[in-house]
Structures are given as C-alpha cells and as structure tokens.
Colleague: 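Following this message is one structure expressed as structure tokens.
So you know, we letter chains A, B, ... as the sequences are listed, proteins then strands, and number each from 1.
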Protein chains: 2
Amino acid sequence: MEKNDPITITLTDRLFDTLQRAIVEGEIPSGSKISEPELARQHGVSRGSLREAIGRLEARKLVERKPNLGARVVTLSYEQLIEIYQVREALEGMAARLAAQNMSDKEIGELQLLLDQHGQQIEELHGQAYFQKQGDLDFHYRIVQGSKNHHLIGLLCNDLYHLLRMYRFQFGMRSKRSSQAFDEHHYLLNAISSRDPEMAELLMRQHIRSSRRNVERMLLEN
Amino acid sequence: MEKNDPITITLTDRLFDTLQRAIVEGEIPSGSKISEPELARQHGVSRGSLREAIGRLEARKLVERKPNLGARVVTLSYEQLIEIYQVREALEGMAARLAAQNMSDKEIGELQLLLDQHGQQIEELHGQAYFQKQGDLDFHYRIVQGSKNHHLIGLLCNDLYHLLRMYRFQFGMRSKRSSQAFDEHHYLLNAISSRDPEMAELLMRQHIRSSRRNVERMLLEN
DNA sequence: TTCCAATAAAGTGTCGACAATTTTAAAATA
DNA sequence: TATTTTAAAATTGTCGACACTTTATTGGAA
C-alpha cells in the first residue's frame, strides 16, 4: 500500500509561493531591494523563515544576493531574455525528442484534444492574445512532462518557467502570431504522433527560435 | 574606478562548500539521512546556518528534503544518470554551438594549447585514466564558458557539474576510452576554430552520447 | 560651500530557545 | 506472544535577540 506523505505545507513554502508570485507579476518591482525586516513584518513572519524563502528565490534566479548587502529582485534585460530562449531551445528541443519516444498514446490523444480546443478558441476570439498567454504554455508544459525525464521537467517547469513568465508579464509580451504558433504546434504534434524524435526536436527548436525572433523584433521597436 | 565588492565569505558559504564536497566524495553516504543537530555540532555552527546550507544543497539536487522528515542525501541511480546525460547533451550541445560563435580567437588558441598538453600526457601515461577525470572536465568547462551565456554556464558549471562529479566518484567511472575522447575533442575544436556552430553542436552531442553509451555498457556489467 | 571624519541608525549574519511534529520506547490489552 | 495505546525522547519548524557590517547623518576643517 502506498504511504501517502502527508502534504504538510511549511510556512516557508507558503511564503516562497507568495513572494514568487509577487515578483513574477511585478508587485515587487524588478531591480528593487528586499528589506528583510520590512518584508518579515508585512507577512507576519520571522526573519529566519523569510531568509529561507529568499534562498529558494535565489536558486530560481528571481533574486540576487550579495553578502552583507542583501537581496535584490533580478533586473530584467534584453540580453538575459535572449539567453533564456537559447537555453529553452536546447532543453525543450530535447524534451520534444524524448516525448516522441516516451509519451503514451493516451497522452498524445489528450494533447491532440487540447490543440483542437485551441483551434476553436482562435477562431472564436479571432486570434486574440489568449493563445500566447495560456494555451502556448499548456502545450509546452505537456510535452515537457511527456519527456518523462524528471531532471528536464524540473529545470523547465520549476526553474525557467517562472523567469519566463516574469518577462511575459512585465514586458507585456502577448504577440499576434497566435495562428502561426498554432500551426507550428500542429506540425510538432504530428511528429510526436509519428514517433519521429529527430523531427520533433527540429520542429520544437524552430518553433522556439521563431518566437525568440519575434521577441527580438518587438523589443527593437521600443 | 571599479568598486571591487569585498568578497566576504559567509559562514553558510563555507559550510555549503564543505558539505557539497563531503557529499560528492561519498563521505556522507548517498541515501543517508542528515541530522541537523548532529551536523551542526560537528561543524560547530548553529542549526540556522546549517539549514540555509542544506537549502542550497537541495537546489543543486544533492539532497532531498521533506517537511518534518528532514533531508537525505540524494540516492544515485542508473535511471537518473541517464537523465543527466540527456540534459547534458542538450545543454552542452548548445554551448558548443554558441562557443563557435562567441569564443575569442585568444580563447580558442588557449584551448588548442590545453588539448596539445592532453595529447602529450596521454602518450606519456599510455592512455591512463587522468584524461577522463580532469582533462575531460577542463575541456568541457572551457567550452561552456566560451558560450558566453551566463544562464547556460550557471546551469552546467554550478548545478549539473557537481551531481555528475558525484556519480564519477561513487560509481568509479574512469574509462579507458581516453584516446577516443581525445580525438573527439580534437574534431570539436576544429569545428569551433572554423566558426561552424552547426558542426560544433553536432560533434559535442555525439561526444556526450558516446560517453553515455560507454557508461551504459559499464553499468550493465555490474 | 565642499569635503572628509566620526557617529548614529539600519540591515544582515548568526545564535540559542521554544513550539509542533515525528520517531522511539514502554505499557497495556487481546 | 503479538498488537495496539500511551508516554517519552528526539528532530524539525519557527521565533526573537545579539554581533558585526553597511549605510545614513551629523559636525567640523579646509
């Protein structure tokens, strides 16, 4: 019989989630200094617990810490965003390759269903921003899970995901290439259905590269 | 004028380094439970500082923590090692691609020099294990640095590196394919010298894949 | 006034203690 | 004896306090 670990949520856990959300959504501004006494007071918690939470945020590259100087929310930059896309291209490319090998037929079927829903929503909303914001993430998320590589899953869904979300939030990155992205998702799913790892990786990498170029264009306009 | 941040080493920093080394080298056995009071006493430090250090070890996947149950040193497994190699293939492949674009001529020259030294040592030692253990790491390390992608560098040199070193240590993974690996390094450096990103990535991925297969063979013998 | 030194205020690093939970040991019941 | 209950011990989570470092403020000299 499985011994279900009692999912106790520690104070530090909750604090970490709260702060992560606040940082990602810009509530605590990018680049701002974090005052331990003040934050601890605001959340009605001791500095010790807060420091543990900050440690985790640091591990996820959401804050940077210097000894005796304290922690600052990471400063968003064009250069770092490009770096993140390069890492994503490598990791998600591998994820797609592995997903083509390891996803179950059932999972592939469900992904197909999800994509159909996206198609409908695009028609209805006439290519609105919904897709980029949630649908795109859902799709990628499932493929990463389908890789069945826990290390890869952790890297993408825990570490990179939130940083990327932070950029999306604060740089206002909804794009109008939703229908193009939809097509790309479609081709990619075909490759996975055909159990073609090589092609799946290729298409995923192209997909991410084109979305990087899209971001590059957008940022150059500002 | 540059304001050199005073490189103050905090207690937690030192503790973290010490524990990391102890875990990587098997001094604290894989899978064993970590007792906070005991470890704190042994190192003459408070539990608070120790807990921060453990938190960092957790972020590097060297220990696993469960609320109210404490931390355990990660359990090494064949499956996880394969996962790590897959992640490495993706990330270092991208690193090689970027290195072919971004390494300076000077850096490439120095890398060439390093490789020449390795060649000599292999002749002298008649293909001894030195290469795999240190030389191989040096070479890969420099290429990762050459990518100039800080995110990538952090992921590989901070996170993955120590886990991999732990496996090398505890699984006794010196192989006798040092001369083959040397040749592969040579081809790879040629691709980088020629500023051929595509080829550099391809060769790096093959190199890592073949070293993964080598590990697979070795482990199947046990 | 402007610059520098001395001092005060605030912030971070580290510690020991208490509260809550888990594990171990002992006692009691079947 | 085996199994469940109860109590004790140990361990983790959380807190408040103190020491040391950095930053802000004040006061004086050029």
Colleague: Please tell me if A:R51 has a side-chain N or O lying less than 4.0 Å from either OP1 or OP2 of C:dG13.
Modeller: yes
Colleague: Could you tell me whether the side chain of B:R47 has a donor or acceptor atom within less than 3.5 Å of a complementary atom in the base of D:dG13?
Modeller: yes
Colleague: Does A:N68 or A:V45 map to a spot on DNA chain D nearer the 5' end, using the closest nucleotide for each?
Modeller: A:V45
Colleague: Measure the spacing between CD1 of B:I28 and CZ of B:R21 and express it to the nearest 0.5 Å.
Modeller: 9.0 Å
Colleague: Rounded to whole Å, please give me the gap between CD in B:E36 and P in C:dT14.
Modeller: 16 Å
Colleague: Over all strands shown, is B:L39 touching base, sugar-phosphate only, or nothing at heavy-atom distances under 4.0 angstrom?
Modeller: nothing
Colleague: Tell me what A:I34 touches on the nucleic acid: a base, only sugar-phosphate, or nothing, going by heavy atoms under 4.0 Å.
Modeller: sugar-phosphate
Colleague: Nearest 0.5 Å please: distance from the NZ atom of A:K148 over to the CG atom of A:L98.
Modeller: 11.0 Å
Colleague: Of the candidate nucleotides C:dT22, D:dT12, C:dT14, which contains the atom at the shortest distance from the side chain of B:L11?
Modeller: C:dT14
Colleague: Which whole-number value in Å describes the distance from B:E52 CD to D:dT14 P?
Modeller: 14 Å
Colleague: How close or far is atom C1' of C:dG16 from atom CZ of B:R41, stated in whole angstroms?
Modeller: 16 Å
Colleague: What is the distance, to the nearest angstrom, from the CD1 atom on A:I54 to the C1' atom on C:dT12?
Modeller: 10 Å
Colleague: Nearest-Å distance, CZ (B:R72) to C1' (D:dT12)?
Modeller: 14 Å
Colleague: Looking at OH of A:Y85 and CD1 of A:I208, how far apart are the two atoms once the value is rounded to the nearest 0.5 Å?
Modeller: 8.5 Å
Colleague: Expressed in angstrom and rounded to an integer, what is the separation of B:L50 atom CG from D:dT11 atom P?
Modeller: 13 Å
Colleague: Starting from C1' on C:dG13, measure out to NZ on A:K66 and report it in whole angstrom.
Modeller: 18 Å
Colleague: Are OP1 or OP2 of C:dC15 and a side-chain N or O of B:S49 less than 4.0 angstrom apart?
Modeller: yes
Colleague: Hey, what do you get for CE (A:M94) to CG (A:N149), rounding to the nearest 0.5 Å?
Modeller: 8.5 Å
Colleague: Report yes if a side-chain nitrogen or oxygen of B:T12 is closer than 4.0 Å to either non-bridging phosphate oxygen (OP1 or OP2) of C:dT14; otherwise report no.
Modeller: yes
Colleague: May I have the distance from B:I9 (atom CD1) to C:dG13 (atom C1'), rounded to whole angstrom?
Modeller: 14 Å
Colleague: Give a yes/no on whether any side-chain N or O of B:K33 is located under 4.0 angstrom from OP1 or OP2 of D:dT12.
Modeller: yes
Colleague: Would you say C:dT12 has OP1 or OP2 under 4.0 Å from some side-chain N or O of B:T10?
Modeller: no
Colleague: Heavy-atom count around A:Y141 OH within 6.0 Å, excluding the residue itself: above 12?
Modeller: no
